[in-house]
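Report on the following structure.
All values reported here derive from a predicted model rather than from experimental measurement. Numbered from 1 within each chain, the chains take letters A, B, ... in sequence-line order.
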Amino acid sequence: MNTITEAYVDSLAPNAGAIKNGRDLVRKNSFPVRCITEDRTLLFGECKGSGKEPYRCSVDFIQENSPVFRCTCPSRQFPCKHTLGLLYAYASSSSSFEIKDIPAEIADKRNKAEKREEKKQAADKEGTAKAPRKVNKSALVKKIAAQLEGLAILDKLVLQIVHHGLGSIDKKMIQLIEEQAKQLGNYYIPGAQAALRELLLLLREDGDREASYGDAIEQLIYLQALVKKSRAYLEQRAEQPDLPMETGSTLEELLGHAWQLTELRELGRSKTNTELLQLAFLSYADHASNEFVDHGWWIDLEDGTIRVTRHMRPFRAAKQMKEEDSFFSIVQTEELLIYPGERNARVRWEHARYRPIDEADYHKVKQLAEVSYPDVIKKVKNQIKNPLSDKMPAALVAYQSIERVNDDTYILRDAQNKQIPLASNLLEAPQQPPVILGLLQPEELRNQAALIVFRHELESGRLVAQIMSIVTDRRLIRLLY
Amino acid sequence: MSVELLQDLQQEVRRLFIAGSALAQGDLRIAKLQPQLKKLGESAPVFNRIAEASDAVLNAPREDSAVKLLELATLLSAVLHTQGKTETAGELQPISSESIELPTDMPYRRLKPLLELLTTKGQGRLEQLRQAVQDGVHLDLRALPIMCSALDETFPEIAELIAETIRTGYGESALPILRQQINLQGGKGDARRLLLIEQLAGSEAEPLVLEAAANGSVDLKIAAISTLGKYAQHEPLLLEMSREKRKEVRQAAFASLASLGTEAAFNRLFEALTSSKDRELAIEPTRSTNSTALLERIIKQAELSFETYMRSDEGKERGAAIEQLNAELLCLHGTGTVVSTRHSYWHRRINRSPASEALSDAVFTLIQRLLTTRDFIVPETEAVVENAAELLLNMNTEQGNRLLLELPQEKSILFIGFRFRAAYRLLPPAELFQAFAPILDEPASNAARELIHVIEQMVSEQTHLSELDTSTTAQAEGWDSRWIHAFVKADAVLLVTLFAHKSDRVVTEYLLSKLGKNASLHHHLDQRILFALYRIGCKETPALVLGLLERRYYYYSDDNIQQLIALMPRSYTPRLRELAAKPNVARPEELIAIADAMEAAPAEIIEESGPSLWRWIRSKLS
């Protein structure tokens with residue numbers, strides 16, 4: 001069985017509340033009965049509950065990397081706080097667990113689960129010869145017609161706003177736009193709808209309207225480009241419904257399509273034998289699409305590509321969904337599925353193994369860093385000049401030093417003395433990066449690598465970057481989470 | 001230069017977006033930029049495209065203006081995104097870094113809640129903070145600066161915990177940040193920072209501390225001064241601070257002068273003690289010096305104050321002398337002493353003063369003078385007299401106790417208490433009873449009430465009684481057995497419950513009569529009565545308890561109520577279960593749990609009964 005550490009148990013928990021509750025249970029000595037089977041594949045025990053009878057809970061490691069949580073408590077969350085507590089108890093004092101035989105009821109459940117798995121595998125085997133899902137042509141054409149209608153509404157609205165001017169937008173106008181945004185929900189273009197909501201958030205700015213005009217204009221440019229490109233694409237698809245979906249650009253996702261893993265597989269967008277190391281993590285609330293986003297930046301240890309994981313949890317369903325978290329092991333997956341994207345394509349995986357990070361990995365990462373700033377900058381500019389592109393590309397760059405110019409500007413400097421100016425306001429970090437930089441060891445500010453995210457600053461005309469993490473020979477310094 | 005032109009154009013485009021594309025036709029300012037654009041277009045085709053696009057805007061009819069403006073804006077934005085500057089002119093300077101050895105290994109789901117609670121207000125943060133610190137979440141480089149900022153927290157308990165954590169968890173690593181953050185003109189948060197810096201940096205912090213003491217805000221001055229009592233070289237500064245305008249600053253200076261212990265320091269304290277302005281402030285610092293030399297001077301001074309009082313006629317001089325004398329006497333007690341005030345229920349807290357005890361003869365002589373001068377014992381001097389008597393009582397010498405016993409009771413009600421306490425020490429229980437019980441014959445008199453009050457206080461001191469534990473009693477030995485009947489006669493119900501040890505018809509009847517119509521298991525006094533009834537073996541007690549349970553609707557069960565139920569004989573458990581089944585009983589499961597535990601108690605424990613049975617039952621219930 002994997003070594004059970006506190007960090008491992010933390011990673012299994014669906015949210016921070018479960019972590020706290022699980023730990024509290026151990027602290028209050030709520031587990032009078034704790035056992036482990038001799039082959040060490042099952043942890044089981046009893047937990048004092050609020051009722052008369054204690055709850056019986058267990059964690060089954062018969063499949064090492066997918067533990068099964070079972071508990072008699074009424075909670076619908078898995079793992080529940082009782083199973084988490086049992087694991088925390090094991091992590092802190094495994095010797096307090098008695099060696100006992102597997103209880104009959106759990107042995108029964110294992111049997112049933114095995115039988116189910118066998119049945120499924122047999123069915124799968126038969127099913128692999130199945131052809132890919134058939135596209136219902138007439139339904140598709142109907143859908144595209146609706147999407148085009150929605151885009152037309154959006155187009156009209158955008159032009160109307162530009163025509164009247166941002167300065168004249170009053171409460172009434174905002175209400176109108178809100179109504180339209182709601183309406184767009186009926187036209188199968190959730191991505192466009194979210195983009196319109198973004199604009200609304202900018203226009204509603206109670207504070208400094210002046211400051212947000214620049215962003216509002218960029219958002220209008222984006223909306224117009226989205227409408228134009230989508231129209232061309234959808235009209236083409238309407239004429240030839242058999243055409244596969246567009247994967248050369250992110251257009252489908254921008255419109256709002258949620259790629260299924262099976263679709264990505266069918267399109268051959270997968271990579272085998274990948275090792276990923278998480279370099280940075282951030283979780284934030286997106287009020288335009290009404291969801292929480294858990295965003296991870298990872299580096300592919302093979303070729304240095306910076307890949308991104310994005311886990312969305314709609315506000316309404318957030319409580320039932322598992323939160324993601326900072327990750328401190330190397331992910332090894334046989335099948336990495338890659339979404340259509342640009343420099344930092346989104347990825348997902350279904351099965352993975354984990355191994356601990358060691359210094360050799362940090363060396364490797366440093367070697368994968370890009371050394372020439374003009375090259376990186378050129379590639380970044382090439383991406384962001386496109387109105388529909390990801391406007392905040394990430395890159396791992398090597399630096400000879402992090403320094404200050406003119407007292408208030410921080411910069412990265414490469415081996416050829418080329419600079420990248422640094423900013424602190426692109427992403428919400430726990431602390432302003434300069435504060436953390438001032439606490440590091442001097443050698444960490446020289447000859448290391450940094451994961452940075454770029455952005456073009458409209459007002460000043462500069463291309464700036466924010467440091468998300470620093471990779472040294474011995475550790476990863478996270479300036480985000 | 002060409003980029004500037006584009007940025008100018010960008011500004012105009014922005015203006016039109018704000019004003020509305022409807023006004024774009026023929027816009028003069030864009031028109032002005034056209035020639036330059038076209039000229040640059042000769043060498044770079046992209047400028048041509050931009051020139052064409054802006055032409056289109058200038059010439060578009062109103063209904064097309066939005067489309068054209070957007071096209072121009074899109075093109076312009078795309079070009080400008082490729083022109084972002086990345087070089088900054090100027091001299092490169094290295095960043096100073098403090099080499100703090102802390103990792104950044106805390107995952108988001110553990111770190112974020114800590115940062116949240118440090119930067120927002122809300123309920124329950126103290127406990128959450130304690131938990132997070134216990135789990136080591138703060139040991140992350142990202143948390144360090146935020147913890148230090150959180151010293152400005154308004155909730156004192158949270159701020160104190162943060163200060164403690166910084167001191168023990170981060171230690172010297174926090175110094176650079178604390179030094180950066182501290183503002184010598186700040187408030188309590190900065191005062192905490194100063195204290196931390198002093199604790200962590202030791203003598204290196206001295207310049208900062210001295211600066212704060214001399215020029216800081218009041219909070220900073222007080223904090224700085226409180227650290228200065230260690231070295232003789234700080235004496236001049238402390239003496240200066242002891243004359244500052246603000247009272248709190250002087251107070252802090254006196255405290256540090258007391259630690260310093262030099263001759264000049266003690267002289268200053270003495271001076272303060274004998275001034276009307278600083279008399280009050282000087283008392284506690286004087287106590288903390290534990291200096292017999294200083295106390296000798298004070299005792300002599302007290303004699304002078306006494307003489308001044310006796311000599312003066314009515315008026316200010318007399319009043320001043322009394323206050324002076326009182327202050328001097330207060331100095332003879334130990335640190336932290338609070339002499340009881342008659343009008344509140346605070347327990348006296350009279351602490352020992354080793355220095356006074358070393359001078360016990362001199363102290364005795366002084367107090368003897370005070371207490372045996374008949375004309376001195378008047379209402380005006382009540383505080384001083386009480387003070388003096390407390391002092392003597394606390395020193396507990398044979399001659400002191402005898403003197404107290406001789407106090408003229410008729411002169412002041414207070415004396416009853418002192419005489420009684422002294423007598424308790426000197427006389428055997430039977431004599432004590434004979435000497436004082438007659439006072440209770442007139443239960444309504446002030447004297448009787450005072451006596452009852454004093455006995456209650458004494459029992460509470462003897463048994464460390466707290467309100468919450470209503471089942472404790474006075475120690476049986478040391479008290480004559482006739483007291484309880486005297487208490488019954490005097491209707492001192494609390495004392496009766498405290499002294500009830502064995503079966504007695506009179507006591508039982510009395511207690512039963514005191515459980516009035518409005519008796520309730522929530523009232524502490526009623527609880528005491530019931531415990532007493534159990535103790536003396538009154539057979540009706542279980543029924544009484546059950547009756548009270550049935551009568552009222554209990555929202556909670558405190559330890560005492562549970563214990564009262566658990567003391568019932570086992571035969572009562574069915575009736576408890578019956579009661580639990582009734583609809584308006586809150587928490588029936590608690591009643592059932594108690595009944596279960598009572599039935600499950602093994603025979604040996606029941607035989608022992610009393611405290612061990614209760615402990616057994618209680619362990620089953622938690």
Handout entry: Atom CZ of B:R49: over 12 foreign heavy atoms under 6.0 Å
Key = no

Problem - Validation row: A:R23, B:D135 side chains within 4.5 angstrom (heavy atoms) - result: yes

Handout entry: Any side-chain heavy-atom pair of A:V405 and B:E91 under 4.5 Å
Key = no

Problem - Under 4.5 Å from a heavy atom of chain A, the part of B:R110 involved - result: side chain

Problem - Part of B:E116 lying under 4.5 Å from any heavy atom of chain A - result: neither

Completion exercise
So, the part of A:Y410 with a heavy atom under 4.5 Å from chain B: the answer is side chain

Problem - A:K381 and B:Q83, any side-chain heavy atoms less than 4.5 Å apart - result: no

Practice task
Drop me the distance from A:E218's CD to B:F17's CZ, to the nearest 0.5 angstrom.
Solution key: 9.0 Å

Practice task
Over all heavy atoms of both residues, which pair between B:T88 and A:Q419 is shortest? Give the atoms and the distance, please.
Solution key: N-OE1, 2.9 Å

Handout entry: Closest-packed option against chain B by number of heavy-atom pairs under 4.5 Å, given A:R413, A:R462, A:R478
Key = A:R478

Completion exercise
If you tally heavy-atom pairs under 4.5 Å between each of A:L458, A:V464, A:D407 and chain B, the highest tally belongs to A:D407

Completion exercise
Among B:I100, B:I146, B:V67, the residue with the most heavy-atom pairs under 4.5 Å to chain A is B:I100

Exercise for the section: With a 4.5 Å cut-off on heavy-atom pairs, point out which of B:S65, B:P176, B:S77 contacts chain A the most. Expected result: B:S77

Completion exercise
Looking only at heavy atoms, the pair that brings A:Y213 and B:R14 closest together is CB-NH1, 3.7 Å

Practice task
Let me know if A:V380 has heavy atoms under 4.5 Å from chain B in its side chain, its backbone, both or neither.
Solution key: neither

Handout entry: Salt bridge B:R109-A:D10, side-chain N to carboxylate O under 4.0 Å
Key = no

Fill in the blank from the handout: Sequence neighbours excluded, the answer for side-chain hydrogen bond (donor to acceptor under 3.5 Å, both in side chains) partners of A:Q219 is none

Exercise for the section: Heavy atoms only, distances under 4.5 angstrom: which of A:P387, A:S11, A:S283 has the most pairs with chain B? Name it, please. Expected result: A:S283

Exercise for the section: Check whether any side-chain heavy atom of B:Q134 lies under 4.5 Å from a side-chain heavy atom of A:R27, and answer yes or no. Expected result: yes

Fill in the blank from the handout: So, the part of A:A13 with a heavy atom under 4.5 Å from chain B: the answer is both

Problem - Under 4.5 Å from any heavy atom of chain B - which part of A:I169 - result: neither

Handout entry: Rounded distance [0.5 Å steps], CG in A:N406 versus CD in B:Q93
Key = 7.0 Å

Handout entry: Worked verdict on A:H163 versus B:R62 for side chain to side chain contact (heavy atoms under 4.5 Å, CB included)
Key = CA-CA 8 Å; A:H163 191 87; B:R62 264 180 80 110; 3.7 Å; yes

Practice task
Give a yes or no on whether A:K391 atom NZ has more than 12 heavy-atom contacts from other residues, nucleotides or ligands under 6.0 Å away.
Solution key: yes

Handout entry: Structural part of B:E87 lying under 4.5 Å from a heavy atom of chain A
Key = both

Exercise for the section: Starting at CG of A:L159, measure out to CG of B:L70 and round the result to the nearest 0.5 Å. Expected result: 6.5 Å

Exercise for the section: Would you mind telling me which of B:L115, B:V13, B:L141 has the largest number of heavy-atom pairs within less than 4.5 Å of chain A? Expected result: B:L141

Completion exercise
Per-residue tally against chain B (heavy atom, under 4.5 Å) across A:E6, A:H456, A:E443, A:K385 peaks at A:H456

Practice task
Please state whether the side chain, the backbone, both or neither of B:D596 comes within less than 4.5 Å of a heavy atom of chain A.
Solution key: side chain

Completion exercise
Scored by heavy-atom pairs under 4.5 Å with chain A, the best of B:A19, B:A89, B:S97, B:A24 is B:S97

Problem - Toward chain B, the part of A:I411 with a non-hydrogen atom under 4.5 Å - result: side chain

Exercise for the section: To the nearest 0.5 Å, tell me how far B:L69 CG sits from A:Q224 CD. Expected result: 10.5 Å

Exercise for the section: Please check if atom CD in B:E63 has more than 12 non-hydrogen atoms from other residues, nucleotides or ligands closer than 6.0 Å. Expected result: yes

Practice task
Would you indicate whether A:R455, at its atom CZ, is surrounded by more than 12 heavy atoms from other residues, nucleotides or ligands within a distance under 6.0 Å?
Solution key: no

Problem - Largest heavy-atom contact set with chain B, pairs under 4.5 Å, which of A:D325, A:I221, A:L166 - result: A:D325

Practice task
Search all heavy atoms of A:P421 against all heavy atoms of B:K85 and return the closest pair with its distance.
Solution key: CG-O, 4.2 Å

Problem - Heavy-atom proximity to chain A below 4.5 Å, by part of B:Q10 - result: side chain

Practice task
Could you tell me which of B:A78, B:G90, B:P107 has the largest number of non-hydrogen atom pairs under 4.5 Å with chain A?
Solution key: B:P107

Problem - Contact class of B:D140 relative to chain A, heavy atoms under 4.5 angstrom - result: neither

Handout entry: Any B:T104 side-chain heavy atom under 4.5 Å of A:L476 side chain
Key = no

Problem - Side-chain heavy atoms of A:Y373 within contact of B:T86, under 4.5 Å - result: no

Fill in the blank from the handout: Under 4.5 Å to a heavy atom of chain A? For B:I95 that would be both

Exercise for the section: Look at atom NZ of A:K228 and say whether more than 12 heavy atoms of other residues, nucleotides or ligands are closer to it than 6.0 Å. Expected result: no

Practice task
Rounded to the nearest 0.5 Å, what's the gap from OH on B:Y108 to CG on A:L282? Could you check?
Solution key: 7.5 Å

Handout entry: Between CD1 on residue B:I18 and OG on residue A:S168, distance to nearest 0.5 Å
Key = 11.0 Å

Problem - Side-chain donor or acceptor of A:R404 paired with backbone N/O of B:L92 under 3.5 Å - result: no

Problem - A:E428, CD atom: more than 12 neighbouring heavy atoms under 6.0 Å - result: no

Practice task
For chain B, find which of A:I402, A:L437, A:T409 contributes the most heavy-atom pairs closer than 4.5 angstrom.
Solution key: A:I402

Fill in the blank from the handout: Residue from B:L80, B:L144, B:L23, B:T82 scoring the most non-hydrogen pairs under 4.5 Å with chain A is B:T82

Completion exercise
Residue set satisfying side chain to side chain contact (heavy atoms under 4.5 Å, CB included) with B:E101, at least two apart, ordered chain then number -> A:Q441, A:R474

